[in-house]
Asks: 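One structure, as structure tokens, below. Some questions next.
Below, chain A is the first sequence line, B the second, and so on; all start at residue 1.
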Protein chains: 2
Amino acid sequence: MASPRPGPNLSRIASSLGVSVATVSNALSGKGRVSGQLIEKIREHAAELGYVPSQAGRALRTGRSGVLGLVLPDIANPLFPKIAQAIEFAASAAGYGVLIADSRGDVAAQTEAINRLVERGVEGMVIIPRRATRISAAACPVAVIDTASTPGNTVAADHWQGGREIAGHLADLGHQRILIVGNNHESNVQNDRAGGIRSALRAGMHAETLWIDRLERDGGNGCTLGLAEKARQGFTAFAALSDLQALRALTELQQAGINIPADVSVTGFDDLVWSPVVTPSLTTVRMDVDRIAGIAVLALVNSIRTSSLREGMLVTAETDRVAMQLVVRQSSGPVNPASKTSEMENT
Amino acid sequence: MASPRPGPNLSRIASSLGVSVATVSNALSGKGRVSGQLIEKIREHAAELGYVPSQAGRALRTGRSGVLGLVLPDIANPLFPKIAQAIEFAASAAGYGVLIADSRGDVAAQTEAINRLVERGVEGMVIIPRRATRISAAACPVAVIDTASTPGNTVAADHWQGGREIAGHLADLGHQRILIVGNNHESNVQNDRAGGIRSALRAGMHAETLWIDRLERDGGNGCTLGLAEKARQGFTAFAALSDLQALRALTELQQAGINIPADVSVTGFDDLVWSPVVTPSLTTVRMDVDRIAGIAVLALVNSIRTSSLREGMLVTAETDRVAMQLVVRQSSGPVNPASKTSEMENT
DNA sequence: CTGAAAGCGCTTACAG
DNA sequence: CTGAAAGCGCTTACAG
């Protein structure tokens with residue numbers, strides 16, 4: 001059996017042209033020395049026949065599958081699309097295909113997903129790990145996209161610095177009391193972001209953090225976060241650690257009749273699809289996904305090249321931090337702008 | 001050269017155990033007749049060595065790559081994650097890997113993406129086409145996920161029926177004047193949804209449609225949709241054709257001081273991540289992505305099996321419609337519920 | 001410039 | 001129950 005592929009193969013082209021397979025291969029790849037005429041003739045004929053090289057044959061011979069793996073903790077996470085798109089783009093540009101694997105659920109599923117990819121012969125993989133997972137040496141080069149706190153071979157947005165951008169923005173608007181809103185107090189990303197915000201507070205500014213997961217664990221205020229109450233207590237800025245929480249905050253405050261940005265400001269993180277669409281649109285901070293994906297894929301590709309020499313698994317570069325960029329959409333705040341002249345701080 | 005793979009292969013296991021490769025292969029796959037003892041011994045040794053079968057070798061021999069392709073118009077579309085996840089899950093369950101390809105941009109990029117996948121040897125693919133694209137015969141079985149209006153080999157959520165669900169819900173809440181809000185008047189999906197809504201209006205109900213793309217093309221009202229004005233004109237229900245537009249509507253109305261759901265109701269489509277999170281949360285209609293993905297992948301797998309006999313490209317089943325399911329989150333409306341007793345209609 | 005040959009790792013009739 | 005052999009389609013030294 002061994003059901004042969006439908007399309008034509010090298011030897012079909014070769015015999016039909018009265019030349020050897022080697023010559024056809026060389027002509028098509030432009031490697032061995034083949035006369036211009038022949039090259040022309042062979043390529044033409046191949047195109048005519050709709051020849052598509054067999055990846056399997058090539059992979060078996062060269063030992064390179066031309067495929068990278070992408071492991072995601074949960075594709076349904078709204079951050080995923082942008083990263084996946086960027087990875088696919090970068091990989092594609094480097095001549096690689098991308099095999100996805102969703103590690104939904106626990107760490108076991110993640111290991112499982114990684115193994116599946118290895119079995120499928122990926123030459124390397126990009127892993128966005130589940131919270132608090134450490135990736136152990138896999139059978140191929142691995143690049144991790146996570147926080148900077150992850151040790152080694154990691155690319156990460158500089159979440160801390162992103163937090164500083166937010167704090168700076170809020171300070172410029174004249175805010176003094178900031179409520180940081182996160183939804184997972186164990187997330188490294190969220191902790192980095194919160195830490196960044198706190199680290200950039202100016203004199204006279206004060207921040208508190210509301211962890212939604214804790215609130216809910218403790219019974220919470222039903223389905224509200226009690227933000228209106230917080231506003232009444234004097235918080236004028238709500239700095240969510242992700243745009244989803246920002247959206248939650250925004251609508252909860254609006255529902256309570258609080259005007260944004262006239263009464264309070266709301267900021268987020270990640271510049272997700274809805275941020276520019278809601279009213280008022282969200283000030284947020286964006287990661288440079290293209291750059292992150294580019295670095296991850298490049299590290300992988302380099303590692304793959306090298307590993308053909310010293311066989312086995314290699315790690316990629318040291319942790320690489322990519323700056324986040326502030327996207328201002330709410331440009332005024334409740335306390336009138338001290339933006340240009342920040343002398344107010346001292347009052 | 002031909003840099004050999006790092007790991008052990010069948011012949012390594014075979015020679016190290018003093019048996020033939022054929023026997024090892026049979027023992028591992030459980031196919032040929034091998035004695036229980038030997039099977040045990042071989043499997044153990046293989047596991048010890050960390051043997052991972054070479055996909056390339058297997059694919060070359062069997063002509064099956066074990067990989068499906070997934071072509072998406074734009075991964076950044078918020079609907080994507082759920083579908084991709086479902087496809088990956090279904091494919092994985094069927095023993096297939098999934099290679100993704102983003103056809104971002106024009107139709108040319110889509111053709112390009114499809115070709116890339118074919119070159120990588122996918123055995124079939126799921127295509128979510130760009131608007132108004134007709135997929136021409138590819139070099140492998142194809143399943144399309146689109147609207148029911150797409151001819152042949154298509155799986156689709158029943159957007160029309162989804163629209164009817166929404167209309168029924170709004171009717172039950174006692175709404176008479178409905179503003180349908182879409183963002184692309186050329187989208188088949190959105191037109192189906194709008195058509196479904198209109199088709200299920202009850203006596204005395206009236207609907208108008210606001211197409212955001214037209215509004216913007218004509219200069220629009222700046223960045224607002226003018227929904228508050230619509231509310232003043234007597235519209236009490238805003239039925240967006242996607243949750244993103246619903247979100248836009250919700251926040252715009254809230255910003256204008258209109259209370260939801262006390263003054264007006266807002267509904268969406270697709271049950272995207274933020275729908276349950278915003279205040280008030282969105283009533284929406286959800287597609288059964290798992291079912292859709294399951295059907296698409298199954299059709300593909302069947303088609304692949306068959307095509308090994310009658311070689312060449314096959315289409316999958318006829319258009320298959322999957323019911324959408326109403327998710328009620330705003331259970332009261334401005335005009336007090338006629339829900340149970342819908343006699344009000346006749347007044 | 002061109003071709004004959006080996007071999008990547010696997011599976012599968014077939015013979016013993 | 002086990003093994004020897006062929007062959008999937010390709011690339012790459014090597015010889016001519």
Asks: Could you check whether any side-chain N or O of A:R43 sits under 3.5 Å from a backbone N or O of A:A27, counting only pairs where one atom can act as donor and the other as acceptor?
Replies: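 Flag set: sc A:R43 to bb A:A27 pair under 3.5 Å.
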Asks: Taking all atoms of both residues into account, what is the closest heavy-atom pair of A:I87 and A:V297, and its distance?
Replies: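 Smallest interatomic distance, heavy atoms only, reads O-CG2, 4.3 Å.
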Asks: Distance check needed: D:dG9 C1' versus A:L49 CG, whole Å only.
Replies: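 Value for this atom pair: 15 Å.
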Asks: D:dC10, C:dG3, D:dT2: which one has an atom nearest the side-chain heavy atoms of A:A22?
Replies: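 Of all the options, the side chain of A:A22 is nearest to C:dG3.
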Asks: Respond yes when some side-chain nitrogen or oxygen of B:T23 is under 4.0 Å from OP1 or OP2 of D:dG3, and no when none is.
Replies: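 It does, given that an N or O in the side chain of B:T23 lies less than 4.0 Å from OP1 or OP2 of D:dG3.
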Asks: How close or far is atom P of D:dG9 from atom CG of B:L60, stated in whole angstroms?
Replies: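 Whole-Å distance recorded here is 7 Å.
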Asks: Report the base-pairing partner of C:dC1 (Watson-Crick or G-U wobble, both distances below 3.5 angstrom), or none.
Replies: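 WC or wobble partner is D:dG16.
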Asks: To the nearest Å, give me how far apart CG (A:N26) and P (C:dC1) are.
Replies: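 Rounding to the nearest Å, CG of A:N26 and P of C:dC1 are 11 Å apart.
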Asks: Could you give the CZ-to-C1' distance, from A:R64 to D:dC10, as a whole number of Å?
Replies: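 In whole Å, D:dC10 C1' lies 14 Å from A:R64 CZ.
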Asks: Expressed in angstrom and rounded to an integer, what is the separation of B:L10 atom CG from D:dG3 atom P?
Replies: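 Computing the B:L10:CG to D:dG3:P distance gives 14 Å.
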Asks: Counting distance only, does the side-chain N/O of A:S65 pair as donor-acceptor with the main-chain N or O of A:G121 below 3.5 Å?
Replies: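 Yes.
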Asks: Please determine, for the side chain of B:N9, which listed nucleotide (D:dT12, C:dG9, D:dC1) has the closest atom?
Replies: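 Output: C:dG9.
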Asks: Only one of A:V126, A:L300, A:L117 clears side-chain contact (heavy atoms from CB on, under 4.5 Å) with A:L68; which?
Replies: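 Option passing the side-chain contact (heavy atoms from CB on, under 4.5 Å) with A:L68: A:L300.
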Asks: C:dT11, OP1 or OP2 - any side-chain N/O from B:K31 closer than 4.0 Å?
Replies: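 The answer is no; no side-chain N or O of B:K31 sits under 4.0 Å from OP1 or OP2.
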Asks: OP1 or OP2 of C:dT11 less than 4.0 angstrom from a side-chain nitrogen or oxygen of B:S25, does that happen here?
Replies: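 Yes.
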Asks: For A:I39 and C:dT2, what is the distance between atoms CD1 and C1' respectively, to the nearest whole Å?
Replies: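 Spelled out: CD1 on A:I39 to C1' on C:dT2 is 12 Å.
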Asks: Among C:dT2, D:dT12, D:dC8, which nucleotide has an atom closest to any side-chain atom of A:V34?
Replies: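 Between C:dT2, D:dT12, D:dC8, the one nearest the side chain of A:V34 would be C:dT2.
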Asks: Please state how far atom CZ in B:R61 lies from atom P in D:dA5, giving the value in whole angstrom units.
Replies: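 Whole-Å distance recorded here is 16 Å.
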Asks: Roughly, in whole Å, what's the span from CZ in B:R12 to P in C:dG9?
Replies: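 Distance check: B:R12 CZ to C:dG9 P gives 9 Å.
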Asks: Say whether, by atom type as modelled, one donor and one acceptor occur between the side chain of A:R12 and the main chain of A:Y51 under 3.5 angstrom.
Replies: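 A pair under 3.5 Å: no.
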Asks: Do any side-chain nitrogens or oxygens of B:S54 fall under 4.0 Å of OP1 or OP2 in C:dG9?
Replies: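 Checking B:S54 against C:dG9: no side-chain N or O falls below 4.0 Å of OP1 or OP2.
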Asks: Check whether any side-chain N or O of B:S35 sits under 4.0 Å from OP1 or OP2 of D:dT2, and answer yes or no.
Replies: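 So the side-chain polar atoms of B:S35 do come within 4.0 Å of the phosphate oxygens OP1 or OP2 of D:dT2, strictly under.
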Asks: According to a strict under-4.0 Å criterion, is A:R58 in side-chain N/O contact with OP1 or OP2 of D:dG9?
Replies: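 Negative; the distance criterion is not met.
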